[in-house]
Every structure is written in structure tokens, then in C-alpha cells.
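Heads up: the structure comes next, in C-alpha cells.
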Amino acid sequence: MNSLLRHLPQVEAVLQTPAMLTLIDTYSRDEVVTALRLSLASLRADLLAGRVQDLPDFDGDAFAASLEKAMGASRSANLRPVVNATGIIIHTNLGRARLAPEALRAMHDIGVRPSNLELNLATGKRGSRHDHTAALICELTGAESALVVNNCAAAVVLALTGTAAGRKVIASRGELIEIGGSFRLPDVIAQSGATLKEVGSTNKTRLSDYADAIDGDTAVLLKSHTSNFRIVGFTAAPSRTDLARLAAEQGVILMEDLGSGVLIDLSPYGLTDEPIVRDILDAGVDLVMFSGDKLLGGPQAGIIAGRADLIDELRKHPLARAVRIDKLSLAALEATLRLYRAPFDPLARIPVLQMLSQPLVEVQARAENLAQALQDLDGLNVSVARSSAFVGGGALPQQSLASFSVRLDGGAARAADAIADALRHGHTPVVGRIHQGRLWLDMRTVTDPEVSMIVTACRALFAR
Ligand SMILES: *Cc1c(COP(=O)(O)O)cnc(C)c1O
């Protein structure tokens, strides 16, 4: 049986066969290589398990036909990959953060085989799924303890319900935010069974406003990161340190709905307005809630980090069971968090951070490569222009990242929205942005392999 393994075709050799070269031309090399590896892996598994007893002679055409069928099936799925050429790195409609290969590998391993999800291997007794990430989160944020749930919205609901149900939550009028999907803080507070006490005004809230509002029935001072808008001009808000001192004096909990949740300093890349989780906890905030799939760059998840006694209570709350994280997300989250530790460089390994820190010259080179590859298409005018990319995901709405885009102009024959429409309907949908009557494809959110997918998509639309 093992001798048969040696006769399995080699990836590189198969890719050179004429039938495969045709496939690569029609689809993309990346997609064909992925399908090929999957197909060879399943053949190998069949051989190892004895489900297949011998290997017929390799037939390039038949093999290519079966791969094309498999690729066709994966394309006809409702939920499928697209090329994000919008320039918005964390695009909620396009699935937010791309995962690092390490995170995907972890999901694969934990998905195809049983795991110690809730088994303590040291004792043989029941374990907790939270144990796999809590220590890592504490190490990376300085928190005493941590809890991971389904998403940040669930983290906020659990934290408020677990600490303030039947009591009062004090929040500034300037921070009563609505994030996407009708998630409004006043409604969430009501849902958690707490009563909201608003203090201050839209633009100014002072420490004394909080202090005056605290009474024997107050459980929580809630701070929220105004992540998707800014109030500028005549504004004031007390510092976290002052709020933390007040909360401690009055025996109430200070918590913060942070949203994006960045773990490292991004100011070298011009992003200065996003508070770092560690700094928030250092300032004395008792509990902070943030997302897994925004700037952290991992899977959908909600993290609650902070005081151990409070986290313990939240873990035991019945709602924690209803909003618990699934094993695949947990596997991806742990793998992503590990990339933040030495010897790894998160900026090099985590796609979201890679994209936002990528040197402008590299983005420009990608734009020029794409423009070059599209130069010979009839009826399409192609140019490269400077553009602005954004972090997205409700983070840093006002801070743009310098970028380059390829502009597609179909002239009178083909309006920008018609081109955009056609590219969305292609084999691999490409999503760009219409601006000044042209379709702009921003290259900060596109990877090099995706450039060839864009080329293939455009070739299908315009003759050479
Ligand atoms: C994005 C965001 C949330 C919700 O996070 P999800 O992980 O999408 O549930 C909550 N609060 C703030 C401030 C946010 O920006």
C-alpha cells in the first residue's frame, strides 16, 4: 500500500500537463493548485485507509476534468470567496478579517478530528473550552482573566446581564452608540435587564456627571468606544484613570465596550486613535469587551478581559452557555493569538495587520502589475491612481491609509456600474468601488494571487 503512495502524481508535475495549463488559464493558478492539493490529499487518504487498492495510470485530461467539476461545485456555493478591491481592509459585508494560514490549519485539524475541547488532558476530568485561550489573552493584554464568546455584541450583553441586571448602568450621552445591524447600546442595556442612566451631553460629559448619578442602585459605569464616528470640536470626557478611581471609590464596576480591540501599537502606520487593550486595563477599567475579527485579525469572537472575580461570575452565568464560542472559531482564535508572541511578528503573519502596514511602494507595484496585465484589453482604458484605503470594521473612521488603485474605464460603451456589475457576476466575483465615473480597484486589500483572478475576470469581459 505504501509503495502506491510513492506513485501518487507530484503537484508540480501535474501542473505542467497541457490540460492543467488550460485550467489555470481559465480559472487561476491558486484555485487550481488548491483543488489539486485537495484531490491528491483525498486520494492519499483513500490509499492509506485501504479504500483504494491500486492507482490507474495517470490520465491528465480525465484528472483535469474531475478537478474542474470539483471547482465548479465549490463555485456554485451561495457563500463563496470574492476579491475585495474596495480598499476597506475589514469589510463587514465581505466577511471581515482574512485568517492567517496558521488559523486555517488549526480549524482544519480541530474540524476533522476530535479534540480536547472540554477535556483536561492532565487530569482526565472535564475541562473548560475557555482554558485554551484565557492565559494567552491575559499574557497579551495584562488582564487577570478572560472569557471568549460568540462575538463582541454577545460579550456586551453577557457582561451587562451578568453584572447589572435589575440595577443601574450609567453611560455618557456622547457614547450611546449604534453599531451595524441595529445593535444600539440603550436597547442592549434594556435587554440585559438593567436601567440606563444617561449623563452629560452629546459633546461634553464630566467626571462630576458620573459622580452625581451614582447611587446605591448603581452597578456599572459603561464606557463605549465611539468606533464608527467622531465628535470633534467642543468636547470633553473624563479620562479612564479618573473614571476608574471614581468607580473604585464608589464600589461600582467600570466596563468598556471597545469594539475593535487592537493588541499592538499601530501608530507607526499612522493609526493613532485606536486604544490598545492593555492600556485600557492599565488605566483601571475592570472589564473590556472586544471583537476577534476586527483589528485583532482572527475569527468571529467576542473577548471579555479583566478582573478575575467578575470573569468567574460571567463564566457561570446561564447566558454564557447560549453565547458560547464554537470549537472552530476557538481553534482559529488561539492560533491567531499565538502569532502575537515571539518569535512571530504579528505584522508579518496576520493578514489584517500585514495589509495595513504594507509599504506603499508594494501597493503601487501591485497596481502597476495589474494595469500592465490589462493594457491589451479592447474597450477598456486602464490607469493607476493614488487612493485612500480604510481599516473598516468600525475602527478609525477618520484615518485613511495611503493606497493605489487601478481605475477601469469602459468609455461610452460600458458604464462603470455595468463593469462593476459584470465583475460581481463572474467566476470569482470582484468587488470594487465606483468613483468619478470609473471603477476603482484598490490594491491595498488585494493579494498578489488575487491580481491574477482580477485579470482572468476582466479577460472574460473584454476581448483582447
Ligand atoms: C463592532 C463593535 C461591536 C460588535 O462587535 P461584533 O464582534 O461584531 O459583535 C460592539 N461594540 C463596538 C464599539 C464595535 O465597534
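Both counts, for ligands and for their atoms, begin at 1 and track the order of listing.
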Could you see which bit of [X] sits under 4.0 Å from ligand 1, with heavy atoms only: side chain, backbone, both or neither?
| X | answer |
| --- | --- |
| Lys294 | side chain |
| Ile177 | side chain |
| Arg96 | side chain |

Do [X] and [Y] meet the criterion of a side-chain donor-acceptor pair at a distance under 3.5 Å?
| X | Y | value |
| --- | --- | --- |
| Gln191 | Arg184 | no |
| Ser383 | Arg407 | yes |
| Thr445 | Asp442 | no |

Residues Lys168 and Asp217 bridged, charged N to O under 4.0 Å: no
Side-chain ion pair, Arg341 and Glu139, N-O less than 4.0 Å: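 Looking at Arg341 and Glu139, the cut-off is met.
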Contact atoms of ligand 1, heavy-atom distance to [X] under 4.0 Å:
| X | result |
| --- | --- |
| Gly259 | 2 (C), 11 (N), 12 (C), 13 (C), 14 (C), 15 (O) |
| His225 | 13 (C) |
| Ser291 | 5 (O), 6 (P), 7 (O) |
| Ala153 | 4 (C), 5 (O), 6 (P), 9 (O) |

Heavy-atom neighbours of His435 NE2 exceed 12 at 6.0 Å: yes
